[in-house]
Amino acid sequence: MFNTIKKFLPILLSLLFVIACGGFDGPQSTFDTHGPVAKEQADLFYLILWAGMVVLVAVELAIIYIYIKYRRKKNSTRVPSQTHGNTKLEIMWTILPAIFLAIVSVPVLSAIWTIGALPKNPDVVVNVHGHQYWFEFKYQDLDVVTANELHIPVGKKILINLYSNNVLHSFWIPKIAGKTDIIPNQGNYMWIQGDDVGMYYGQCAEFCGESHALMRFRVIVDTDEDFRAWISHQKSEAFVPNDPLEKSGYDIFMSSKAGCGGCHMINGSKKAKGKIGPNLTHFGSRQHMAACILENNQVNLRNWIRNPDMIKPGNIMSGQAAVYMDPNKSLTESEVIALASYLQSLK
Ligand code: CUA
């Protein structure tokens with residue numbers, strides 16, 4: 001017995017160590033809440049946890065008490081009374097948990113109704129489209145379309161409509177709101193509110209293909225003023241470069257050889273009107289790229305344009321764009337550099 005304990009003790013202790021490593025304020029901790037939805041969910045978690053602890057302790061104490069009190073005495077040959085069933089006890093252990101669950105159901109149902117309610121007058125409405133593997137954000141009534149970085153004003157109710165025309169995804173911002181599934185060909189919705197200015201991690205939380213784990217996003221909670229400035233900037237016309245390198249990137253982007261415009265939109269351009277890939281009108285204003293798995297800089301962008309499948313396996317661009325499918329149309333290194341500098345000029 002003691003040998004077995006000795007054997008497993010280090011494993012048990014290291015397990016505790018691993019759990020403790022998570023911390024309560026990690027980038028994706030659901031305990032470090034920054035909005036009413038996440039807070040309601042965390043509060044509920046704690047309530048159920050402590051209620052469960054009370055039951056656990058009571059049951060374990062009863063087991064220990066009975067184990068000691070009714071154990072066989074030394075040298076005793078007495079056989080315990082043999083009974084089958086005990087109506088009183090059975091009624092008691094059916095009714096007690098029922099009462100307990102009834103009490104717990106009050107805060108649970110109230111939280112479900114609060115979180116599940118459709119906000120009556122949301123301050124901002126965003127239609128979120130789940131793609132393989134990135135998120136598209138369309139601001140309803142504001143005429144803004146962007147990808148992977150969701151800006152919202154602080155302290156305001158945001159209605160999020162969720163759509164997918166491909167597979168299941170799930171929208172999750174651990175510090176602001178729990179997961180809500182995005183169901184193909186059937187709308188779903190949730191509401192969120194960010195109570196503190198800052199940048200928050202989000203990610204797809206439903207397995208959606210080989211790059212599911214690389215389908216991330218950020219929520220940027222702005223002051224009212226910053227949010228308005230961001231919206232008006234996003235509505236502004238796309239930058240048309242004069243710099244020779246950026247200009248040559250622009251020409252490649254708009255050419256039929258590269259065919260970027262078949263899938264990507266640059267607002268106002270006649271040649272880039274695609275809707276399959278992310279809208280790139282203000283790509284350079286985003287801090288991250290490739291669904292927020294990389295910082296948006298020249299090195300990462302060139303690597304991405306060179307070989308997107310290396311960075312995000314199974315993405316549609318590397319599987320469908322002629323420059324990756326047809327060896328005769330492959331981008332040269334100078335074309336890659338020009339494209340990257342044009343894309344980053346799109347502030
Ligand atoms: Cu989208 Cu997982």
Side-chain angles (χ1 to χ4, degrees), residues 22 26-30 35 37-38 41 115-116 124-140 144-152 158-192 194 199-221 263-265 274-280 283 286-296 300-301 303-305 307-321 324:
Q28 302 221 77
S29 170
T30 48
V37 176
Q41 289 162 337
I115 294 165
V124 179
V125 181
V126 186
N127 296 329
V128 173
H129 293 255
H131 295 272
Q132 282 168 306
Y133 306 91
W134 58 283
F135 288 98
E136 182 172 37
F137 303 128
K138 295 181 175 172
Y139 288 73
Q140 202 168 291
V144 166
V145 179
T146 186
N148 305 319
E149 288 184 6
L150 177 70
H151 283 253
I152 59 170
I158 318 294
L159 172 61
I160 304 277
N161 292 313
L162 299 161
Y163 303 100
S164 165
N165 64 1
N166 41 86
V167 297
L168 273 172
H169 303 274
S170 191
F171 197 71
W172 186 33
I173 317 147
K175 294 190 178 193
I176 291 180
K179 303 161 188 175
T180 303
D181 278 0
I182 307 179
I183 305 156
N185 302 321
Q186 185 192 318
N188 203 356
Y189 69 88
M190 69 193 290
W191 66 271
I192 61 171
M199 190 186 279
Y200 300 91
Y201 282 71
Q203 72 173 67
C204 177
E206 179 71 52
F207 183 73
C208 55
E210 59 183 316
S211 278
H212 152 70
L214 303 174
M215 185 171 171
R216 310 210 187 134
F217 63 101
R218 297 285 196 282
V219 174
I220 295 115
V221 180
C263 291
H264 294 286
M265 170 98 66
K275 287 183 171 175
I276 294 170
N279 183 312
L280 297 176
F283 172 79
R286 295 177 206 148
Q287 298 181 51
H288 303 89
M289 49 168 285
C292 291
I293 56 174
L294 294 172
E295 214 179 283
N296 187 359
N300 288 339
L301 192 49
N303 285 338
W304 171 256
I305 296 167
N307 191 349
D309 211 51
M310 281 282 282
I311 293 170
K312 208 197 283 175
N315 76 85
I316 289 175
M317 184 162 78
S318 55
Q320 289 186 6
Y324 304 112

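All residue numbers refer to positions in the sequence shown, counting from 1. Atoms within each ligand, like the ligands themselves, are counted from 1 in listed order.
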By side-chain hydrogen bond (donor to acceptor under 3.5 Å, both in side chains), Gln140 pairs with (sequence neighbours left out) Asn127
Closest non-hydrogen contact found for His131 with His169 is O-CE1, 3.2 Å
Residues Trp172 and Gly178: closest non-hydrogen pair is CD1-C, 3.7 Å
Please confirm whether Arg218 makes a cation-pi placement over Tyr201, using NZ or CZ under 6.0 Å from the six-membered ring centre and within 45° of the ring normal. yes
From the list Asn188, Ile160, Asp181, side-chain contact (heavy atoms from CB on, under 4.5 Å) with Phe171 holds only for Ile160
Here the gap from Gln287 atom CD to Glu149 atom CD, rounded to the nearest 0.5 Å, amounts to 5.5 Å
Protein-derived N, O or S atoms sitting under 2.8 Å away from atom 1 (Cu) of ligand 1 total 4
